[in-house]
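All remarks here apply to the structure that follows.
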Amino acid sequence: MRTIKAFGTTAASEPLKPMDIVRREVGLKDIKIAITHCGVCHSDIHTARNEWNNSKYPVVPGHEIIGKVIGVGADVTQFKEGDLVGVGCLVDSCHHCPPCNRHLEQFCEKGATFTYNSHDKHIKGQQTYGGYATEVVVDEQFVLRIPKNIDPAAAAPLLCAGITTWSPLRHWKVKKGDKVGVVGLGGLGHMGVKFANALGAKVVMITTSPEKAKDAKSLGAHEVLISKNKEEMAAHNNSFDFILNTIPVGHEMDPYIGLLKIDATMVLVGAVENLKPFHGGGIIGGRKRIAGSLIGGIKETQEMLDFCGEHNIVSDIELINMQDINNAYDRVIKSDVKYRFVIDMESLKD
Ligand SMILES: [Zn+2]
Ligand SMILES: [Zn+2]
């Protein structure tokens with residue numbers, strides 16, 4: 001066991017502050033990573049503040065981790081010291097159940113081990129601690145390779161915001177020429193726009209704020225639809241092949257259901273809470289589907305990263321020091337970030 005520096009919180013009402021945590025020694029199949037960058041996801045805030053009522057304290061958030069390999073176990077085959085690697089929302093699973101066999105570790109029947117706030121299999125009585133830290137030790141099967149040509153800091157959000165939007169676009173087979181709506185322009189939405197554009201879709205940003213139009217177009221949207229404008233919405237009725245809905249809170253669904261073509265699907269990736277009731281007729285007429293999606297498996301995450309390398313796709317970020325984290329959380333809540341904060345972990349050594 002090794003004591004390292006981290007940033008975390010001891011209670012829902014407490015700000016994040018420096019703390020020491022313990023990491024396991026490098027096991028046979030483990031990789032030890034010196035963390036250089038970590039993205040700030042809204043889930044970090046929900047967990048730090050116990051907003052999902054399942055937080056175990058102390059909480060050390062962070063599941064958009066980028067770093068350099070500084071140690072490998074004797075049985076490691078895929079990585080060596082010096083490699084640039086990433087770790088996302090998952091650090092382990094049972095490896096044997098039907099979802100794990102289908103490369104869907106996020107749905108492991110025994111319960112996947114999430115990067116923070118999960119039961120730690122290796123250190124008795126401790127939960128997992130995330131990437132707001134100088135180092136992490138992870139099973140090599142849950143470590144991702146980061147393409148050399150993309151900026152490591154801007155690659156960090158690909159590990160959660162990236163895969164969360166990539167996986168549904170791939171699963172529902174979005175292809176060239178499809179009309180794809182992306183609802184909500186935040187950390188998730190801005191990645192959805194970039195990916196849908198790179199896949200050759202006709203991308204429509206659907207937002208409540210007209211002031212976001214210019215940004216959406218520079219990110220790759222071909223058109224912007226203001227959801228508050230009923231006439232504009234009506235003009236797009238029954239025309240979308242797919243809608244990626246990233247709104248993070250419960251909201252009216254009927255206006256978006258109306259936009260879908262026959263047999264088309266709207267996927268929810270943001271709202272992990274009660275949705276407002278919607279009219280059954282809206283999906284019955286048109287055989288429409290509402291679905292959900294949670295991050296993606298490790299294999300699919302690597303495919304997404306390789307695609308990002310080929311197409312030069314990264315997140316738009318604002319780099320911060322670890323000491324600025326509490327202010328950054330307040331700004332995420334106000335949607336005052338374009339589009340993801342990433343912590344320069346060098347600052348944690350100060
Ligand atoms: Zn996340
Ligand atoms: Zn499993």
Side-chain angles (χ1 to χ4, degrees), residues 8 16 29 35 37-52 54-55 59-66 86-119 121 128-133 136 138-139 141-142 144 154-168 184 186-192 195 244 246-249 268-273 292-301 304-305 314-317 325 328-329 332-333 335 337 339-343:
L16 272 68
K29 292 180 174 172
I35 301 173
H37 301 94
C38 187
V40 177
C41 174
H42 211 131
S43 304
D44 298 356
I45 303 173
H46 288 306
T47 308
R49 299 183 176 175
N50 196 22
E51 287 164 358
W52 290 330
N54 64 355
S55 301
V59 167
V60 175
H63 59 202
E64 295 180 339
I65 301 169
I66 298 282
V87 178
C89 305
L90 301 164
V91 288
D92 209 349
S93 71
C94 84
H95 301 252
H96 301 297
C97 72
C100 282
N101 287 335
R102 290 176 60 201
H103 302 286
L104 297 170
E105 297 88 357
Q106 74 272 34
F107 304 130
C108 174
E109 288 176 358
K110 303 271 160 60
T113 305
F114 290 92
T115 305
Y116 56 79
N117 201 47
S118 265
H119 165 72
K121 290 180 190 172
T128 54
Y129 294 132
Y132 297 3
V136 66
V138 181
D139 181 315
Q141 283 195 40
F142 288 79
L144 287 313
L158 299 175
L159 278 317
C160 175
I163 186 60
T164 297
T165 49
W166 172 261
S167 181
L188 294 174
H190 98 289
M191 287 312 307
F195 286 143
L244 179 70
T246 73
I247 301 176
V249 292
L268 307 177
V269 292
V272 193
E273 56 180 81
S293 183
L294 173 73
I295 48 174
I298 296 302
K299 184 166 177 268
E300 192 173 46
T301 305
M304 179 268 309
L305 290 165
V314 286
S315 185
D316 288 21
I317 65 157
I325 191 67
Y329 275 14
V332 169
I333 289 161
S335 299
V337 55
Y339 283 92
R340 204 65 147 180
F341 287 113
V342 172
I343 305 156

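Sequential numbering from 1 along the given sequence is applied to the chain's residues. Counting convention: from 1, in listed order, for ligands and their atoms alike. Just the heavy atoms: all of them, side chains too, but no hydrogens, waters or symmetry mates, feed the values below.
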Evaluate the ring planes of H63 and Y116, with Trp represented by its six-membered ring, and classify them as parallel (under 30°), tilted (30 to 60°) or perpendicular (over 60°). parallel

Closest non-hydrogen contact found for G270 with L188 is CA-CD1, 4.5 Å

Please check this pair: side chain of S118 against backbone of T128, looking for a donor-acceptor N/O pair closer than 3.5 Å.
no

NE2 (H95) and CD (Q141) are apart, to the nearest 0.5 Å, by 5.0 Å

So salt bridge (charged side-chain N to carboxylate O under 4.0 Å, His left out) across residues 104-117, not counting sequence neighbours, yields none

Rounding to 0.5 Å, atoms OG1 (T165) and CD1 (I295) come to a distance of 12.5 Å

Take the angle between the ring planes of H190 and Y339 and call it parallel below 30°, perpendicular above 60°, tilted in between. parallel

| message | Please check this pair: side chain of T115 against backbone of G130, looking for a donor-acceptor N/O pair closer than 3.5 Å. | response | no

Checked the Zn ion (ligand 1): protein N, O or S atoms closer than 2.8 Å come out as C41 SG, H63 NE2, C160 SG

Near the Zn ion (ligand 2), meaning under 2.8 Å, the protein N/O/S atoms are C94 SG, C97 SG, C100 SG, C108 SG

With sequence neighbours left out, the residues meeting side-chain hydrogen bond (donor to acceptor under 3.5 Å, both in side chains) with Y129 are none

